[in-house]
Chemist: 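Please find one structure pasted underneath; my questions will follow.
All values below were derived from every heavy atom in this structure, side-chain atoms included, with hydrogens, water molecules and symmetry-related copies excluded. Source: prediction; values computed, not measured. In what follows, chains are A, B, ... by sequence order, proteins preceding strands, each numbered from 1.
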2 protein chains.
Amino acid sequence: MDDKLDAIFSALADPTRRAILARLATGKATVAELADPFELSQPAISKHLKVLEQAGLIRSGREANARPRVLEPAALKTIADWIADYRRFWDQSFDRLDDYLSKVQGYEND
Amino acid sequence: MDDKLDAIFSALADPTRRAILARLATGKATVAELADPFELSQPAISKHLKVLEQAGLIRSGREANARPRVLEPAALKTIADWIADYRRFWDQSFDRLDDYLSKVQGYEND
DNA sequence: TAGCTATATAGCCAAATGGTGATATATGGA
DNA sequence: TCCATATATCACCATTTGGCTATATAGCTA
């Protein structure tokens with residue numbers, strides 16, 4: 001699991017890769033579409049995509065001769081869960097809010 | 001701000017540095033105390049601490065000839081905020097919960 | 001002041017990272 | 001079948017990273 005965190009955090013430590021994720025947050029995109037905003041070669045983008053995919057942050061599909069990418073949210077949740085352990089350090093109301101929510105009956109998690 | 005995210009994510013992409021943060025979550029610690037659990041040289045630990053400090057994740061103090069480190073939660077909040085933009089992708093109840101909370105009068109943020 | 005302790009810094013090295021241009025591969029269409 | 005398009009992979013290079021040992025620096029204590 002430590003290896004997984006290594007891969008995810010290090011994948012996110014690059015602004016190009018974060019921009020790619022932001023683009024994928026608006027929906028599926030081909031490599032060419034993902035490369036378009038950047039002044040980088042196509043192989044450079046493919047390398048970034050491989051890093052993101054190996055970290056589990058995206059997935060590849062197949063449509064004709066294109067290989068569209070989609071966001072894979074589970075990896076983001078992994079680090080969100082990691083960071084949640086530190087939330088009490090910056091959010092003083094967190095403990096009480098959490099406690100409050102655990103007693104509320106009006107919301108569901110289906 | 002992109003530079004800040006680069007520095008924070010890349011600082012977190014190392015298990016030694018994450019372990020150091022976990023230790024600091026239990027309170028202030030000297031370099032020697034932080035180095036103790038690892039089979040690494042003291043300079044290696046000092047390097048890791050420098051990376052964490054430059055990312056804003058920790059701060060140095062001064063006590064006699066020791067330089068204790070403390071957690072600096074703001075940097076963690078920075079990436080928590082970044083990741084929150086993606087929360088809707090994995091947490092289907094998030095939008096509704098958020099909506100629900102905005103209507104609730106029973107909790108405060110003081 | 002001399003020496004001990006805590007930590008930082010310097011200089012070095014191997015491996016990983018991020019970029020390049022050139023080329024290989026897979027699919028669909030003429 | 002031949003070609004165009006989309007993407008991956010290869011070989012290379014410069015820079016960064018993470019480790020080491022040796023040494024410097026700062027504060028305490030005798």
Side-chain angles (χ1 to χ4, degrees), chain A residues 2-24 27-72 75, chain B residues 2-24 27-72 75:
Chain A
D2 229 34
D3 291 351
K4 205 179 276 188
L5 287 172
D6 286 7
I8 299 172
F9 277 125
S10 111
L12 294 176
D14 181 287
T16 301
R17 289 193 289 260
R18 289 196 304 275
I20 289 174
L21 289 184
R23 168 61 185 81
L24 289 177
K28 174 174 69 175
T30 67
V31 175
E33 286 164 350
L34 292 171
D36 194 53
F38 304 102
E39 291 190 337
L40 286 179
S41 65
Q42 173 261 313
I45 299 295
S46 281
K47 262 196 192 178
H48 282 305
L49 293 174
K50 184 177 254 181
V51 171
L52 289 168
E53 185 157 9
Q54 284 176 346
L57 285 159
I58 65 174
R59 214 161 15 94
S60 302
R62 168 66 89 171
E63 264 168 41
N65 55 351
R67 281 162 229 197
R69 303 311 208 269
V70 291
L71 206 60
E72 191 69 88
Chain B
D2 229 35
D3 291 352
K4 205 178 274 186
L5 287 172
D6 286 8
I8 300 171
F9 277 125
S10 112
L12 295 176
D14 182 287
T16 301
R17 289 193 290 261
R18 289 196 305 275
I20 289 174
L21 289 184
R23 167 63 185 82
L24 289 176
K28 174 173 70 175
T30 66
V31 175
E33 287 164 349
L34 292 171
D36 194 52
F38 304 102
E39 292 191 334
L40 286 178
S41 66
Q42 172 263 314
I45 299 296
S46 282
K47 260 195 195 180
H48 282 306
L49 293 173
K50 184 176 255 181
V51 171
L52 288 169
E53 185 156 9
Q54 284 176 345
L57 285 158
I58 66 173
R59 215 161 15 93
S60 301
R62 169 66 87 172
E63 262 167 43
N65 55 351
R67 281 163 230 197
R69 304 310 208 270
V70 291
L71 205 61
E72 191 67 90

Chemist: Does C:dA6 have OP1 or OP2 sitting under 4.0 Å from an N or O in the side chain of B:R69?
Modeler: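 Indeed not, no polar side-chain atom of B:R69 lies that close.
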Chemist: It should be established whether A:R67 places a side-chain nitrogen or oxygen under 4.0 Å from OP1 or OP2 of nucleotide C:dT27.
Modeler: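 For C:dT27, neither OP1 nor OP2 has a side-chain N or O of A:R67 closer than 4.0 Å.
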Chemist: Would you confirm whether A:R62, through its side chain, and A:R67, through its main-chain N or O, come within 3.5 Å as a donor-acceptor pair?
Modeler: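 Side chain of A:R62 to backbone of A:R67, a donor-acceptor pair under 3.5 Å: no, none is there.
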Chemist: Rounded to whole Å, how long is the line connecting atom CG of A:N65 with atom C1' of C:dA24?
Modeler: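 The answer, rounded to whole Å, is 15 Å.
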Chemist: Over how many whole Å does the gap from B:I45 atom CD1 to C:dT7 atom C1' extend?
Modeler: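 After rounding, the reported distance stands at 12 Å.
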Chemist: Give a yes/no on whether any side-chain N or O of A:K50 is located under 4.0 angstrom from OP1 or OP2 of D:dT9.
Modeler: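 Yes, within the criterion.
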Chemist: Between D:dG18 atom P and B:R18 atom CZ, what is the distance in whole Å?
Modeler: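 My rounded result for the distance is 12 Å.
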Chemist: Between C:dA26 and A:R62, is there an OP1 or OP2 to side-chain N/O distance shorter than 4.0 Å?
Modeler: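 For A:R62, the contact criterion (side-chain N or O under 4.0 Å from OP1 or OP2 of C:dA26) is not met.
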Chemist: To the nearest Å, give me how far apart CG (B:L52) and C1' (C:dT7) are.
Modeler: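 So the CG-C1' distance, B:L52 to C:dT7, works out to 16 Å.
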Chemist: Please classify the nucleic acid contact of A:A44 as base, sugar-phosphate, or nothing, using heavy-atom distances under 4.0 Å.
Modeler: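 Base contact.
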Chemist: Under the side chain to side chain contact (heavy atoms under 4.5 Å, CB included) rule, what do A:E72 and A:E53 come out as? Steps first, then yes or no, please.
Modeler: CA-CA 9 Å; A:E72 191 69 88; A:E53 185 157 9; over 6 Å; no
Chemist: Starting from the 5' end of DNA chain C, give me the residue, B:P68 or A:V51, whose nearest nucleotide shows up first.
Modeler: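 Its nucleotide being nearer the 5' end, the pick is B:P68.
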Chemist: Given that A:E53 and B:E39 both sit by DNA chain D, which one's nearest nucleotide is further toward the 5' end?
Modeler: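 It is A:E53 whose nearest nucleotide is closer to the 5' end.
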Chemist: I need the B:I58 CD1 to B:L71 CG distance, nearest 0.5 Å.
Modeler: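 Atom-to-atom, B:I58:CD1 and B:L71:CG are 8.5 Å apart.
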Chemist: Which nucleotide in the list C:dA6, C:dA22, D:dG19 gets nearest to the side chain of B:K47?
Modeler: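 Between C:dA6, C:dA22, D:dG19, the one nearest the side chain of B:K47 would be D:dG19.
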Chemist: Atom CG of B:L49 to atom C1' of C:dT9: distance rounded to whole Å?
Modeler: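 Those two atoms, CG and C1', are 14 Å apart.
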Chemist: When you check the side-chain N and O atoms of A:S60 and A:R69, is any donor under 3.5 Å from an acceptor?
Modeler: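 A donor-acceptor contact under 3.5 Å links the two side chains.
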Chemist: So for B:Q42 and C:dA6, does any side-chain atom that can act as donor or acceptor lie under 3.5 Å from a complementary atom in the base?
Modeler: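 There is none.
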Chemist: Does A:S10 reach a base, just sugar-phosphate, or nothing at all? Heavy atoms under 4.0 Å.
Modeler: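 It contacts nothing in the nucleic acid.
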Chemist: What is the separation between atom CG on A:D6 and atom C1' on D:dT17, rounded to the nearest whole Å?
Modeler: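 Atom-to-atom, A:D6 to D:dT17, this comes out as 14 Å.
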Chemist: Spell out, as yes or no, whether a donor-acceptor pair under 3.5 Å connects the side chain of B:R17 to the backbone of B:S10.
Modeler: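 Looks like yes, one N/O pair under 3.5 Å.
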Chemist: Does A:L40 reach a base, just sugar-phosphate, or nothing at all? Heavy atoms under 4.0 Å.
Modeler: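 Result for A:L40 = sugar-phosphate.
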Chemist: Could you give the CZ-to-C1' distance, from B:F9 to C:dT17, as a whole number of Å?
Modeler: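 After rounding, the gap between these two atoms is 18 Å.
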Chemist: Taking C-beta and beyond as the side chain, do A:V70 and A:L24 meet within less than 4.5 Å on heavy atoms?
Modeler: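 When only atoms from C-beta onward are counted, A:L24 and A:V70 do not touch, as no gap falls below 4.5 Å.
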Chemist: Categorize A:T16 for me: base, sugar-phosphate, or nothing, with a 4.0 angstrom heavy-atom threshold over every strand shown.
Modeler: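 Nothing, no nucleic acid heavy atom in range.
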Chemist: What integer distance in Å separates A:D36:CG from D:dA6:C1'?
Modeler: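 About 14 Å, once rounded to whole Å.
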Chemist: Between C:dG19 and A:S41, is there an OP1 or OP2 to side-chain N/O distance shorter than 4.0 Å?
Modeler: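 So the side-chain polar atoms of A:S41 never come under 4.0 Å of the phosphate oxygens OP1 or OP2 of C:dG19.
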Chemist: Name the closest nucleotide to the A:S46 side chain, picking from D:dA8, D:dC28, C:dA8.
Modeler: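 The answer is D:dA8, which lies nearest to the side chain.
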Chemist: Given D:dT7, C:dA10, C:dT5, which nucleotide is nearest the side-chain atoms of B:P43?
Modeler: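 Per side-chain heavy atoms of B:P43, the pick is C:dA10.
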Chemist: Would you say B:H48 reaches D:dG19's phosphate, i.e. side-chain N/O to OP1/OP2 under 4.0 Å?
Modeler: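 For B:H48, the contact criterion (side-chain N or O under 4.0 Å from OP1 or OP2 of D:dG19) is met.
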